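Residues take their numbers from the sequence shown, with the count starting at 1. Because the structure is a prediction, the values reported are computed rather than measured.
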Amino acid sequence: MGHIRLFWAINLPSDLKNNIDNEIRCQLSPTPADLKWVEDKNLHLTLKFLGDVDSALVEEVLRGVKSKVEGFGPLHFEVRGVGCFPGRKRPRVLWAGLQGQVDKLRKLYEKVQQAHSTLGFEKGNKRFSPHITLARFRSPLNSTKFMQTAEELVPPTKKLGSFETVSIELMQSTLSRQGPEYNILSQVWL
(Lines give C-alpha, C1' and ligand atoms only; values in the text may rest on other atoms or scores of the structure.)
Protein backbone atom coordinates (compact mmCIF):
# COMPACT_ATOMS: atom_id res chain seq x y z
CA MET A 1 0.00 0.00 0.00
CA GLY A 2 2.92 2.37 0.54
CA HIS A 3 4.27 4.61 3.25
CA ILE A 4 3.28 8.08 4.36
CA ARG A 5 5.27 10.53 6.49
CA LEU A 6 3.36 11.24 9.71
CA PHE A 7 3.56 13.24 12.91
CA TRP A 8 1.25 14.25 15.76
CA ALA A 9 0.80 17.99 16.24
CA ILE A 10 -1.08 20.69 18.04
CA ASN A 11 -2.01 23.21 15.38
CA LEU A 12 -2.11 26.91 16.21
CA PRO A 13 -5.07 29.21 15.62
CA SER A 14 -4.77 31.48 12.56
CA ASP A 15 -4.74 34.71 14.58
CA LEU A 16 -1.76 33.46 16.61
CA LYS A 17 0.08 32.43 13.45
CA ASN A 18 -0.50 35.93 12.04
CA ASN A 19 0.70 37.56 15.25
CA ILE A 20 3.87 35.44 15.30
CA ASP A 21 4.50 36.42 11.69
CA ASN A 22 4.00 40.15 12.44
CA GLU A 23 5.94 40.18 15.71
CA ILE A 24 8.86 37.99 14.68
CA ARG A 25 9.35 37.25 11.01
CA CYS A 26 8.43 40.70 9.67
CA GLN A 27 10.68 42.42 12.18
CA LEU A 28 13.60 39.98 11.92
CA SER A 29 13.62 39.35 8.17
CA PRO A 30 15.83 42.40 7.49
CA THR A 31 18.47 41.00 9.90
CA PRO A 32 20.97 39.16 7.70
CA ALA A 33 21.24 35.42 8.39
CA ASP A 34 21.17 32.25 6.32
CA LEU A 35 17.88 30.73 7.43
CA LYS A 36 14.60 29.43 6.03
CA TRP A 37 11.41 30.58 7.72
CA VAL A 38 8.58 28.15 8.35
CA GLU A 39 5.51 29.27 6.42
CA ASP A 40 2.71 30.69 8.60
CA LYS A 41 0.32 27.93 7.57
CA ASN A 42 2.82 25.31 8.81
CA LEU A 43 3.37 26.72 12.32
CA HIS A 44 2.52 24.06 14.89
CA LEU A 45 3.76 22.27 17.98
CA THR A 46 5.10 18.81 17.16
CA LEU A 47 4.01 16.27 19.72
CA LYS A 48 5.51 13.14 18.16
CA PHE A 49 7.27 12.59 14.82
CA LEU A 50 6.56 9.12 13.44
CA GLY A 51 8.42 9.26 10.13
CA ASP A 52 7.49 7.00 7.23
CA VAL A 53 4.64 4.74 8.30
CA ASP A 54 2.99 1.91 6.39
CA SER A 55 -0.37 3.35 5.37
CA ALA A 56 -2.04 0.11 6.50
CA LEU A 57 -1.12 1.05 10.11
CA VAL A 58 -2.82 4.47 10.16
CA GLU A 59 -6.12 3.25 11.64
CA GLU A 60 -4.27 1.28 14.31
CA VAL A 61 -2.18 4.35 15.19
CA LEU A 62 -5.36 6.41 15.54
CA ARG A 63 -7.13 3.82 17.70
CA GLY A 64 -4.09 3.47 19.97
CA VAL A 65 -3.75 7.21 20.58
CA LYS A 66 -7.52 7.70 21.01
CA SER A 67 -7.59 5.04 23.71
CA LYS A 68 -4.74 6.71 25.62
CA VAL A 69 -5.79 10.38 25.44
CA GLU A 70 -9.57 10.19 25.61
CA GLY A 71 -10.80 12.39 28.45
CA PHE A 72 -7.40 14.07 28.92
CA GLY A 73 -8.93 17.55 28.82
CA PRO A 74 -7.99 20.86 27.20
CA LEU A 75 -4.56 22.49 27.40
CA HIS A 76 -3.87 26.23 27.77
CA PHE A 77 -0.64 27.93 26.63
CA GLU A 78 1.01 31.27 26.15
CA VAL A 79 3.61 31.76 23.45
CA ARG A 80 6.47 33.85 24.84
CA GLY A 81 9.97 34.71 23.70
CA VAL A 82 12.34 33.05 21.26
CA GLY A 83 15.38 30.84 21.55
CA CYS A 84 17.41 28.39 19.52
CA PHE A 85 18.59 24.79 19.44
CA PRO A 86 21.17 23.55 20.20
CA GLY A 87 22.68 26.84 21.40
CA ARG A 88 23.59 30.41 20.45
CA LYS A 89 27.12 29.56 19.27
CA ARG A 90 25.82 27.38 16.46
CA PRO A 91 22.04 27.64 16.22
CA ARG A 92 20.16 25.26 13.94
CA VAL A 93 16.53 26.01 14.86
CA LEU A 94 14.85 29.28 15.87
CA TRP A 95 11.83 28.63 18.10
CA ALA A 96 9.10 30.37 20.07
CA GLY A 97 8.64 29.21 23.64
CA LEU A 98 5.59 27.93 25.48
CA GLN A 99 4.38 28.68 28.98
CA GLY A 100 1.30 27.45 30.76
CA GLN A 101 0.32 23.81 31.09
CA VAL A 102 3.67 22.47 29.89
CA ASP A 103 3.78 19.74 32.59
CA LYS A 104 0.34 18.54 31.48
CA LEU A 105 1.61 18.61 27.86
CA ARG A 106 4.51 16.34 28.87
CA LYS A 107 1.96 13.89 30.34
CA LEU A 108 0.06 13.97 27.04
CA TYR A 109 3.32 13.32 25.19
CA GLU A 110 3.97 10.28 27.42
CA LYS A 111 0.49 8.91 26.67
CA VAL A 112 1.11 9.30 22.92
CA GLN A 113 4.50 7.60 23.36
CA GLN A 114 2.88 4.68 25.19
CA ALA A 115 0.32 4.24 22.41
CA HIS A 116 3.08 4.02 19.81
CA SER A 117 5.39 1.75 21.76
CA THR A 118 2.71 -0.97 21.71
CA LEU A 119 2.75 -0.71 17.90
CA GLY A 120 6.52 -1.15 17.70
CA PHE A 121 7.55 2.49 17.23
CA GLU A 122 10.84 3.37 18.88
CA LYS A 123 10.70 5.83 21.76
CA GLY A 124 13.73 7.80 20.57
CA ASN A 125 16.43 9.24 22.78
CA LYS A 126 15.60 12.94 22.61
CA ARG A 127 14.00 14.66 25.57
CA PHE A 128 10.63 16.21 24.70
CA SER A 129 11.15 19.96 24.54
CA PRO A 130 7.87 21.71 23.58
CA HIS A 131 8.36 24.61 21.18
CA ILE A 132 7.13 26.13 17.92
CA THR A 133 9.75 25.99 15.17
CA LEU A 134 9.93 29.35 13.40
CA ALA A 135 12.96 28.91 11.14
CA ARG A 136 15.92 26.65 10.40
CA PHE A 137 19.44 27.97 9.94
CA ARG A 138 21.08 26.75 6.73
CA SER A 139 24.54 27.85 7.85
CA PRO A 140 26.11 29.69 10.79
CA LEU A 141 26.57 32.85 8.69
CA ASN A 142 25.55 35.83 10.92
CA SER A 143 23.57 33.46 13.17
CA THR A 144 25.06 34.72 16.45
CA LYS A 145 24.20 38.34 15.62
CA PHE A 146 20.76 37.25 14.42
CA MET A 147 20.03 35.43 17.69
CA GLN A 148 21.19 38.42 19.73
CA THR A 149 18.78 40.67 17.80
CA ALA A 150 15.96 38.10 18.06
CA GLU A 151 16.33 37.70 21.82
CA GLU A 152 16.38 41.49 22.31
CA LEU A 153 13.30 41.96 20.12
CA VAL A 154 11.36 39.01 21.59
CA PRO A 155 12.56 38.40 25.17
CA PRO A 156 10.98 35.64 27.33
CA THR A 157 8.67 38.24 28.90
CA LYS A 158 7.13 39.22 25.54
CA LYS A 159 3.78 37.50 25.07
CA LEU A 160 3.04 36.69 21.44
CA GLY A 161 -0.39 35.24 22.14
CA SER A 162 -2.24 32.49 23.92
CA PHE A 163 -4.35 29.54 22.85
CA GLU A 164 -6.28 26.54 24.09
CA THR A 165 -6.33 23.16 22.43
CA VAL A 166 -8.92 20.44 22.84
CA SER A 167 -7.46 18.07 20.24
CA ILE A 168 -4.32 16.76 18.62
CA GLU A 169 -4.00 16.09 14.91
CA LEU A 170 -2.36 13.30 12.96
CA MET A 171 -0.54 15.16 10.19
CA GLN A 172 0.80 13.98 6.86
CA SER A 173 3.97 15.66 5.67
CA THR A 174 4.71 15.63 1.95
CA LEU A 175 8.18 16.88 1.04
CA SER A 176 8.85 18.89 -2.11
CA ARG A 177 11.42 21.35 -3.45
CA GLN A 178 9.20 24.23 -2.29
CA GLY A 179 9.17 22.85 1.27
CA PRO A 180 6.95 20.53 3.27
CA GLU A 181 3.19 20.47 2.79
CA TYR A 182 1.21 19.51 5.90
CA ASN A 183 -2.30 18.07 5.84
CA ILE A 184 -4.50 16.93 8.71
CA LEU A 185 -5.36 13.24 8.31
CA SER A 186 -7.37 12.94 11.50
CA GLN A 187 -8.19 14.74 14.73
CA VAL A 188 -8.30 13.15 18.19
CA TRP A 189 -10.26 14.93 20.94
CA LEU A 190 -8.67 15.25 24.36
Side-chain angles (χ1 to χ4, degrees), residues 5-51 74-106 108-109 124 126-165 167-169 171-184:
R5 189 175 175 89
L6 299 176
F7 64 95
W8 285 99
I10 294 174
N11 285 296
L12 306 178
S14 297
D15 59 336
L16 179 57
K17 290 179 184 182
N18 291 336
N19 196 49
I20 289 171
D21 184 55
N22 292 333
E23 293 288 329
I24 298 176
R25 187 194 337 217
C26 291
Q27 293 187 45
L28 285 172
S29 288
T31 306
D34 187 17
L35 53 78
K36 176 156 180 23
W37 291 96
V38 173
E39 291 182 52
D40 292 6
K41 66 180 182 172
N42 288 342
L43 291 174
H44 67 276
L45 187 158
T46 301
L47 195 55
K48 169 83 175 152
F49 181 74
L50 300 175
L75 295 160
H76 305 272
F77 301 106
E78 287 186 354
V79 180
R80 288 186 181 265
V82 295
C84 62
F85 293 133
R88 283 181 86 194
K89 287 188 178 179
R90 198 153 170 93
R92 307 268 313 184
V93 173
L94 172 68
W95 51 258
L98 287 178
Q99 291 184 4
Q101 294 182 301
V102 176
D103 288 339
K104 187 175 179 183
L105 177 62
R106 284 192 173 94
L108 177 63
Y109 166 78
K126 286 187 177 179
R127 184 178 162 269
F128 179 58
S129 183
H131 65 281
I132 299 163
T133 299
L134 303 174
R136 289 180 176 79
F137 290 88
R138 295 183 192 128
S139 76
L141 184 68
N142 297 322
S143 60
T144 303
K145 176 69 175 151
F146 180 91
M147 283 311 304
Q148 180 182 346
T149 303
E151 290 168 347
E152 288 169 4
L153 183 69
V154 191
T157 55
K158 183 167 185 172
K159 181 178 173 182
L160 299 165
S162 60
F163 68 102
E164 175 184 270
T165 187
S167 66
I168 58 175
E169 288 80 35
M171 306 292 291
Q172 179 177 357
S173 172
T174 306
L175 303 177
S176 73
R177 288 180 187 257
Q178 292 76 33
E181 182 72 33
Y182 301 148
N183 293 300
I184 298 173

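With a 4.5 Å cut-off on side-chain heavy atoms, Leu98 and Glu78 do not count as touching. Phe137 places none of its side-chain heavy atoms less than 4.5 Å from the side chain of Asp34. With a 4.5 Å cut-off on side-chain heavy atoms, Lys36 and Arg138 count as touching. Looking at Val93 and Cys84, their side chains never come closer than 4.5 Å, going by heavy atoms from C-beta outward. Contact annotation: the side chain of Trp37 approaches that of Ile24 to within less than 4.5 Å [non-hydrogen atoms, C-beta and beyond]. Residues Ile132 and Leu134 have side chains in contact (heavy-atom distance under 4.5 Å, counting atoms from C-beta outward). Proximity of Leu45 to Leu105: side-chain heavy atoms (C-beta onward) are separated by under 4.5 Å at one or more points. Looking at heavy atoms from C-beta onward, Leu43 lies out of side-chain contact with Leu16 at the 4.5 angstrom threshold.
Using modelled atom types, one finds no donor on one side chain facing an acceptor on the other under 3.5 Å when comparing Gln172 with Asn183. With 3.5 Å as the limit, one finds no donor-acceptor pair spanning the side chains of Ser29 and Gln27.
Summarising the geometry, atom OG1 belonging to Thr133 is positioned 9.0 Å from atom CG belonging to Leu94; distances are rounded to the nearest 0.5 Å. In this structure, OG on Ser167 lies 8.0 Å from CD1 on Ile10, to the nearest 0.5 angstrom. Annotation: the span from Ile168 atom CD1 to Lys48 atom NZ amounts to 12.0 Å, rounded to 0.5 Å. Atom NZ of Lys104 is separated from atom NE2 of His76 by 7.0 Å, given to the nearest 0.5 angstrom.
Residues Val102 and Pro130 come closest through the heavy atom pair CG1-CG, 3.9 Å. Of all the heavy atoms in Tyr109 and Leu47, the pair that sits closest is CD1-O, 3.2 Å. The two residues Leu35 and Ala135 have their closest heavy-atom pair at CD1-CB, 4.0 Å. Across all their heavy atoms, Thr46 and Phe128 have their closest contact at O-CE1, 3.7 Å. For the pair Pro91 and Met147, the tightest heavy-atom approach, listed with the atom from each and the gap, is CG-CG, 4.0 Å. Scanning all heavy atoms of the two residues, the minimum distance from Pro156 to Arg80 falls at O-CB, 3.3 Å.
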Can you list the steps and then say if Asn42 with Tyr182 is a side-chain contact (heavy atoms from CB on, under 4.5 Å)?
-> CA-CA 7 Å; Asn42 288 342; Tyr182 301 148; 3.4 Å; yes
Decide side-chain contact (heavy atoms from CB on, under 4.5 Å) for Met171 and Ile184; before the verdict, give the C-alpha distance in whole Å, the side-chain angles of both, and the deciding distance to 0.1 Å.
-> CA-CA 5 Å; Met171 306 292 291; Ile184 298 173; 3.5 Å; yes
Please assess Leu153 against Thr31 for the test side-chain contact (heavy atoms from CB on, under 4.5 Å), listing each intermediate value before the final yes or no.
-> CA-CA 11 Å; Leu153 183 69; Thr31 306; over 6 Å; no
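For the side-chain contact (heavy atoms from CB on, under 4.5 Å) with Val38, the qualifying choice from Lys17, His44, Arg136 is Arg136, the only one to do so.
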Output a table of donor-acceptor pairs, distance under 3.5 Å, between side-chain atoms of residues 173-181 and any protein atom two or more places apart or on a different chain; print 'none' if there are none.
{"residue": "Ser176", "atom": "OG", "partner": "Gln178", "partner atom": "N", "Å": "3.3"}
{"residue": "Ser176", "atom": "OG", "partner": "Gln178", "partner atom": "OE1", "Å": "3.3"}
{"residue": "Ser176", "atom": "OG", "partner": "Gly179", "partner atom": "O", "Å": "2.9"}
{"residue": "Glu181", "atom": "OE1", "partner": "Lys41", "partner atom": "NZ", "Å": "3.4"}

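Remark: the backbone N or O of Asn18 is paired with a side-chain donor or acceptor of Asn22 at under 3.5 angstrom. Not one N or O on the side chain of Asp21 forms a donor-acceptor pair closer than 3.5 Å with the backbone of Asp40.
Between Phe77 and Phe163, the angle of the ring planes lies from 30° to 60°, which puts this pair in the tilted group.
Between Phe85 and His131, the ring centre distance stays below 6.0 Å.
Sorted by first and then second residue, the pairs that involve residues 86-97 and meet side-chain hydrogen bond (donor to acceptor under 3.5 Å, both in side chains), not counting sequence neighbours, are Arg88-Glu151.
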